Amino acid sequence: MNTTPKILQFDIMGDERGWLCVANGAKQIPFDIKRVYWIYGTEPGVARGKHAHHKLSQVLVCVSGSVDIYCEWGDKSETFTLSNANTGLLLNGLCWHEMRNFSPDAVLLVMASDYYDESDYVRDYNEFKRLNNDKGC
Ligand code: TYD
């Protein structure tokens, strides 16, 4: 599994009434979507996430406001700022991610490849590093 995060740009359909973006499973999103959840009302100083997954793939879209997504995978790390409703961030499997600097109006929509399963979470950072190193990274 390629654990490098990837920015996805959604086509914007718009007219005088405003804007519209579409996410079709297996088209704009590289997996069939089984679950959608959204995060909002997070105070600017609060960080969320702080985990990786064994297998799950997710696409994050900040449909309102902005948020920073700090990611670590392999021997790399990068912070992606999501501040446009037409931009997504694809995260696959063993990519440690932390959501930071939520703006007060931030709504972070997440499309996931599978149902919620706590056993797929890697919540311990040292365990993530061990698994990451075992992959030969
Ligand atoms: P948590 O993983 O702590 O959220 P975040 O990654 O944004 O920091 O999830 C918060 C709670 O919600 C936790 O009790 C698990 C539960 N939850 C579900 O029941 N289903 C879901 O799809 C998700 C994402 C979380």
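Below, each value reflects all heavy atoms present in this structure, side chains not excepted, and no hydrogens, waters or symmetry copies. Order of appearance sets the numbers: ligands from 1, and atoms from 1 within every ligand. The model shown is predicted, which means the values in this text are computed figures rather than measured ones. Counting begins at 1 with the first residue of the sequence.
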Just to confirm, does any protein heavy atom lie below 4.0 Å from [atom]?
| atom | result |
| --- | --- |
| atom 17 (N) of ligand 1 | yes |
| atom 23 (C) of ligand 1 | yes |
| atom 12 (O) of ligand 1 | no |

query: Which one of Lys50, Met99, Arg48 has a non-hydrogen atom at the shortest distance from atom 4 (O) of ligand 1?
result: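 Among Lys50, Met99, Arg48, the closest heavy atom to atom 4 (O) of ligand 1 comes from Arg48.
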query: Considering Trp38, Tyr115, Tyr116, Tyr121, which one's heavy-atom position lies nearest to atom 21 (C) of ligand 1?
result: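 Selected option, by shortest heavy-atom distance: Tyr116.
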Under 3.5 Å between any N/O of [X] and any N/O of ligand 1: does that happen in this structure?
| X | value |
| --- | --- |
| Ile39 | no |
| Arg35 | yes |
| Tyr37 | no |

query: Measuring from Gln9:CD to Cys21:SG, what's the distance to the nearest 0.5 Å?
result: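 It is 9.5 Å, given to the nearest 0.5 Å.
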query: Are any of the side-chain heavy atoms of Met99 and Ile69 separated by less than 4.5 Å?
result: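 Sidechains of Ile69 and Met99: in contact.
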query: Strictly under 4.0 Å, does any heavy atom of Glu98 approach an atom of ligand 1?
result: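 No, Glu98 has no heavy atoms under 4.0 Å from ligand 1.
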task: May I ask whether His51 places a heavy atom under 4.0 Å from ligand 1?
output: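 His51: in contact with ligand 1 (<4.0 Å).
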message: Count I, L, V, M, F, W, Y as connected when their side-chain heavy atoms are under 4.5 Å apart, and connections chain through other members. Are Leu60 and Ile29 then in the same cluster?
response: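 Different clusters.
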query: Can you get from Tyr121 to Phe128 by hopping between Ile, Leu, Val, Met, Phe, Trp and Tyr side chains that sit under 4.5 Å apart?
result: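 No, because Tyr121 and Phe128 fall into different hydrophobic clusters, even though each may have its own neighbours under 4.5 Å.
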State whether a side-chain donor-acceptor pair under 3.5 Å links [X] with [Y].
| X | Y | result |
| --- | --- | --- |
| Glu98 | Tyr125 | no |
| Gln58 | Ser113 | no |
| Asn92 | Thr3 | no |

- prompt: Can you name the one residue among Thr4, Ile7, Leu8, Asn2 that meets side-chain contact (heavy atoms from CB on, under 4.5 Å) with Leu90?
  reply: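 Filter result, single survivor: Leu8.
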- prompt: Considering only protein heavy atoms, which is closest to atom 3 (O) of ligand 1, and at what distance to one decimal place?
  reply: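 Of every protein heavy atom, Arg123 NH1, 4.0 Å lies nearest to atom 3 (O) of ligand 1.
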message: What protein heavy atom lies closest to atom 8 (O) of ligand 1? Include the residue and the distance to one decimal.
response: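 The answer is Gly49 N, 2.8 Å.
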